[in-house]
Amino acid sequence: MKFYYLLPLAAISITSCHADFEERDSLNVLTSKSSMEVPVPKTTYIHLIAPQLVKSYKEYIDLNPVTTLSQKLAALDMVSNQNSSFTAIKPMNYQLISDFKANQLTGNVDQLYIDLNVSNSVKYYLDNLLLPTTNLSAMLTSIDLDKNLTADEIKLLSTIVAVFQTELIGNDDDSWRRTMIVGLVMGLKESNAQATFNISWIKIHM
């Protein structure tokens, strides 16, 4: 598969739509060149909600210091449940991550990255996201045009790229990139809310 970095960027239009009542998630819509194609929701507001949770968490622990991993998890869970944007994407079966998984996400994730349950097509883009020279705007275009990706894979990758576009300013740390990818992929396999919580948890430890 060829990566389309040298192609001119396809026209990308951003519109908003509403997901179904069950998940109640707001979605951005990226459309390709052809006006005949039906717009497909490809990314969520995870990259906007997570910074809110991190800010609220830091404000809370300034007044209520926490020390243990369980206390930190409980504090982030509490402020998350007070955020209306987070609760709007929180599914009925949402569960707080275990101490074990939380500890994994703040440790060495090299093996977790290798073991990610994704297709080779998705892994290709994830590997490119580890490179500080990757052009994220060009990558979005390539993802949009890639016929080897399913609709769910396009949404997964577009969401990860959206987070990277928000978070990568001045950050070329390979470990940070790998950890964020792991947290997002593992979280998005469950729900948008879980992915949001995962990267918020990572951010307060990086």
Side-chain angles (χ1 to χ4, degrees), residues 1-10 12 14 27-28 30 32 40-51 53-54 76 97-98 100-206:
M1 179 175 61
K2 295 182 179 180
F3 205 58
Y4 298 96
Y5 283 137
L6 299 180
L7 291 176
L9 290 179
I12 300 176
I14 307 296
L27 302 173
N28 288 333
L30 301 180
S32 62
V40 178
K42 294 173 183 174
T43 185
T44 70
Y45 287 155
I46 290 173
H47 61 295
L48 301 179
I49 301 173
L53 303 188
V54 173
L76 182 57
I97 59 174
S98 65
F100 175 75
K101 184 175 288 187
N103 194 50
Q104 279 187 311
L105 290 175
T106 56
N108 188 318
V109 300
D110 288 354
Q111 191 60 47
L112 290 177
Y113 181 83
I114 293 171
D115 294 338
L116 285 176
N117 184 23
V118 295
S119 69
N120 289 335
S121 296
V122 170
K123 191 62 162 50
Y124 170 79
Y125 287 100
L126 298 182
D127 287 344
N128 273 276
L129 281 171
L130 296 177
L131 306 175
T133 55
T134 295
N135 184 316
L136 298 179
S137 295
M139 177 177 280
L140 275 178
T141 302
S142 289
I143 291 169
D144 188 37
L145 297 173
D146 196 331
K147 303 304 182 184
N148 293 315
L149 298 171
T150 66
D152 285 343
E153 289 175 334
I154 290 173
K155 182 178 178 181
L156 170 74
L157 289 168
S158 297
T159 298
I160 294 172
V161 173
V163 172
F164 272 44
Q165 287 178 317
T166 304
E167 300 291 339
L168 274 184
I169 299 175
N171 195 331
D172 292 333
D173 185 358
D174 174 83
S175 175
W176 182 95
R177 291 168 179 260
R178 198 177 302 269
T179 301
M180 291 294 279
I181 289 172
V182 168
L184 282 163
V185 173
M186 290 175 62
L188 287 166
K189 293 290 184 180
E190 299 180 29
S191 68
N192 292 329
Q194 190 62 70
T196 304
F197 190 93
N198 284 1
I199 63 170
S200 300
W201 175 254
I202 291 168
K203 281 165 62 64
I204 65 179
H205 287 89
M206 297 298 280

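Numbering starts at 1 and runs along the sequence shown.
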query = Taking it one step at a time, do L129 and M139 satisfy side-chain contact (heavy atoms from CB on, under 4.5 Å)?
reply = CA-CA 9 Å; L129 281 171; M139 177 177 280; 3.6 Å; yes

query = Could you walk me through whether Y124 and N148 pass the side-chain hydrogen bond (donor to acceptor under 3.5 Å, both in side chains) check?
reply = CA-CA 11 Å; Y124 170 79; N148 293 315; over 6 Å; no

key: side-chain contact (heavy atoms from CB on, under 4.5 Å) assessment of K155 paired with N192   = CA-CA 11 Å; K155 182 178 178 181; N192 292 329; 4.2 Å; yes

key: Worked check of side-chain contact (heavy atoms from CB on, under 4.5 Å) between L126 and V185   = CA-CA 10 Å; L126 298 182; V185 173; 4.3 Å; yes

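Between L76 atom CG and N198 atom CG the span is 10.0 Å, to the nearest 0.5 Å. Atom-to-atom distance recorded for L157:CG and F164:CZ is 11.0 Å, nearest 0.5 angstrom. For the atom pair L136 CG and N128 CG, the distance stands at 10.5 Å (nearest 0.5 Å). For the atom pair W201 CH2 and N103 CG, the distance stands at 8.5 Å (nearest 0.5 Å). Taking CG of L105 as the reference point, atom CZ of F100 lies at 10.0 Å (rounded to 0.5 Å). Here the OG1 atom belonging to T141 is positioned 12.0 Å from the CG atom belonging to D146, to the nearest 0.5 angstrom.
In this structure, I46 and L188 approach most closely via the heavy-atom pair CD1-CD2, 3.7 Å. The minimum heavy-atom distance between Q165 and S137, with the atom names listed, is NE2-OG, 4.0 Å. Looking at every heavy atom in both residues, S200 comes nearest to T196 through OG-O, 2.7 Å. Annotation for P132 and R177: closest pair CA-NH2, 3.3 Å, computed over non-hydrogen atoms.
Looking at residues two or more places apart in sequence or on another chain, you find no salt bridge (Lys or Arg N to Asp or Glu O under 4.0 Å) involving K189.
When atom types are taken as modelled, the side chain of R178 and the backbone of D110 share no donor-acceptor pair closer than 3.5 angstrom. With hydrogens and angles disregarded, no donor-acceptor distance shorter than 3.5 Å links the side chain of Y125 to the backbone of S158. Looking only at distances, no side-chain donor or acceptor of T134 sits under 3.5 Å from a matching main-chain atom of L130.
Between E153 and S119, the side chains place a donor N or O and an acceptor N or O closer than 3.5 Å (distance only, hydrogens not considered).
Side-chain atoms of I181 and L116, non-hydrogen and from C-beta on, do get closer than 4.5 Å to each other.
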